[in-house]
Amino acid sequence: MTSFVKAMTLAGALAVSTALAPAAFAAKTDITVGLQLEPPNLDPTSGAAGAIDSVTYSNIFEGLTRFGPDGSINPGLAESWTISDDGKVYTFKLRKGVKFHDGSDMDANDVKFSLDRTNEEGSSNAQKALFADIESVEVVDPHTVKVTLKKPNGNMLFNLAWGDAVIVSPETAANNATNPVGTGAFVFKNWAKGDEVELERNKDYWGTPAKLDKVIFKFISDPNAAFAAVMAGDVDSFMPFPAPENLPQFDADPRFRVIAGSTEGETILSTNNKMPPFDNPKVREAVAHAIDRQAIIDGAMFGYGTPIGTHFAPHHPSYLDLTAQSNFDPEKAKALLAEAGHPDGFKTTLKLPPPSYARRGGEIIASQLRDIGIETEISNLEWAQWLEQVFKGKDFGLTIVSHTEPLDIGIYARPDYYFQYDNADFQKMMADLNNATDPAERDRLLKAAQQKIADDYVNGYLFQLANTGVVNKDLQGVWENAPTQAADMTGVSWAE
């Protein structure tokens, strides 16, 4: 090719370069997105892993409502709705012309199937408690659905925006784990297990079409490999980035833009409340006072993160700052252990999932607990192992995980949830909250709930996970804040 170019006449070379110029400078239409965790499957209605929503939320699947990038609740497959005066009947008007990716029409029967399915016996929906108040779903006409609740639930529109409430087709639902068929702006193309998921633009999308023709989600668990992939240009966006210590280097490179937004991720030292000695509140309180939150934020997150003293996002209007209640006080922690009958400490397990906040934070916490006499046996688990042993099997003493679901304090009202907190007073608070529609009363109840779990030292509350990452400087529309765990590509494009 080189000798051919040299032999060309000047006029010929100019003609060729002019002809090639538009293509050479055309905006890109594909993107490679780095994610640290690979989802165990691709069906958001059948698993607890937030990594499923990272790939599928809005991109492949949609619900009646959806989260906006600012956390607002917006219309999704329902273009509008009305609520009865008693707060128990929601009537949804569905968008017309919506098709599933297999070409079939989406209508009210699919909505009924999907919502009924969340509560049916044997449902594997990880958040089915959010929909337990649904008494019936009635098809009024092909584009109208009436949802009747057992009692008022002020969170229902919010709950329906979760990935667990997406609308699926009866004909394809059984295969969504490996071959997801939704109504979203992208169509599933391929999943190379252990490597990547590929999506293509949905040419028949009912709404504003995606600007990207192709999205590849690349799974890179190792922080060093993630750094190399971004620097080489093999990955265009990595949110959140697993090694925050690299962010200053990216920030100094004109090719990149560093993002430091907020998430809904309460990062906690989860405690098995039914396993001795953690069934003793004094032991849990001792653990809380053994933790130096700022040391964890600085050591594991390189300064990114906001300390929390309860399970609630600091950016929420109803947030209570309760960090002082579990301040770092090793001597008080030792005294509490002695009161609880463990003057010489004890041994327990600390099971850690893959994210760097857990692995790095775990080493720091293990050292802090050792200082008060608690020895931890650290186990580094892969994500599937963590879900099986800890989340499902409840076989753990301590673990570290970030709960990325929005406004999820209600999980503490589930006695069978993996940290096994069972308190009737708290459960009543959540029942009252579900029944409350008055904003002032909801605010009061949310604050009371935060105080209650802080008083009971249910878990060790560490920090609110920051949405720190890096993107190519020419990318537009990437979510800076994360109101839910999603890598929503529907509004992303390259600058022209």
Inset, instruction - Output yes when a side-chain donor or acceptor of Asn59 lies under 3.5 Å from a complementary backbone atom of Val55, and no otherwise. - result: yes
Inset, instruction - Specify whether Tyr412 and Tyr461 have parallel, tilted or perpendicular ring planes, treating 30° as the upper limit for parallel and 60° as the lower limit for perpendicular. - result: tilted
Inset, instruction - For Asp456 and Val458, indicate whether the former's side chain and the latter's backbone hold a donor-acceptor pair under 3.5 Å. - result: no
Legend entry - Enclosure of Lys146 NZ (heavy-atom neighbours >12, cutoff 6.0 Å): no
Inset, instruction - Measure from the side-chain N and O atoms of Ser72 to the backbone N and O of Asn74, and report whether any donor-acceptor pair falls under 3.5 Å. - result: no
Legend entry - CA sep, side-chain torsions, deciding dist, call: Gln427, Asn423, side chain to side chain donor-acceptor pair (under 3.5 Å): CA-CA 6 Å; Gln427 290 157 21; Asn423 185 279; over 6 Å; no
Inset, instruction - State whether Glu196 and Lys218 are salt-bridged, where the test is any N-O pair (Lys NZ or Arg NE/NH1/NH2 against Asp/Glu carboxylate O) under 4.0 Å. - result: yes
Legend entry - Non-hydrogen atoms of Tyr90 and Asn153 that approach each other most closely: OH-O, 3.2 Å
Legend entry - Lys334 side chain vs Pro343 backbone, donor-acceptor pair below 3.5 Å: no
Legend entry - Side chain Gln464, main chain Thr263, donor-acceptor under 3.5 Å: yes
Legend entry - Stepwise side chain to side chain donor-acceptor pair (under 3.5 Å) test for Trp383 and Glu388: CA-CA 9 Å; Trp383 190 240; Glu388 192 63 32; over 6 Å; no
Legend entry - Check: Val89 main-chain N/O paired with Ser84 side-chain donor or acceptor under 3.5 Å: yes
Legend entry - Carboxylate-amine/guanidinium proximity below 4.0 Å for Lys351 and Asp395: yes
Legend entry - Mutual orientation of the aromatic rings belonging to His289 and Tyr457 [parallel < 30°, tilted 30-60°, perpendicular > 60°]: tilted
Inset, instruction - Taking atom NZ of Lys128 as the centre, report whether more than 12 heavy atoms of other residues, nucleotides or ligands fall under 6.0 Å from it. - result: yes
Inset, instruction - For a side-chain contact (heavy atoms from CB on, under 4.5 Å) with Phe419, tell me which candidate from Thr271, Val401, Val390, Ile411 qualifies. - result: Ile411
Inset, instruction - Assign the ring pair Tyr418 / Phe396 to parallel, tilted or perpendicular, where the plane angle (0 to 90°) is split at 30° and 60°. - result: tilted
Legend entry - Ion pair Glu375/Arg370, N-O distance below 4.0 Å: yes
Inset, instruction - Kindly say whether Ser318 contributes a backbone atom to a donor-acceptor pair with the side chain of Gln450 at under 3.5 angstrom? - result: yes
Legend entry - SB check Asp43 Arg117 (cutoff 4.0 Å): yes
Inset, instruction - Decide, yes or no, whether a salt bridge links Arg444 with Glu441 under the criterion of side-chain N to carboxylate O below 4.0 Å. - result: yes
Inset, instruction - Identify the residue among Asn273, Asn272, Asp279 that makes a side-chain hydrogen bond (donor to acceptor under 3.5 Å, both in side chains) with Gln420. - result: Asn272
Inset, instruction - Flag the pair Arg66 and Asp488 as a salt bridge only when some basic side-chain nitrogen lies within less than 4.0 angstrom of an acidic carboxylate oxygen. - result: yes
Inset, instruction - Check step by step if ring-ring contact (aromatic ring centres under 6.0 Å, His included) holds for Phe61 and Phe100. - result: CA-CA 9 Å; Phe61 292 109; Phe100 285 105; 8.8 Å; no
Legend entry - Donor-acceptor under 3.5 Å (Asn155 side chain, Asn434 main chain): no
Inset, instruction - Go through the steps for Glu264 and His315 under the test side chain to side chain donor-acceptor pair (under 3.5 Å), then give the verdict. - result: CA-CA 9 Å; Glu264 293 294 325; His315 53 259; 2.9 Å; yes
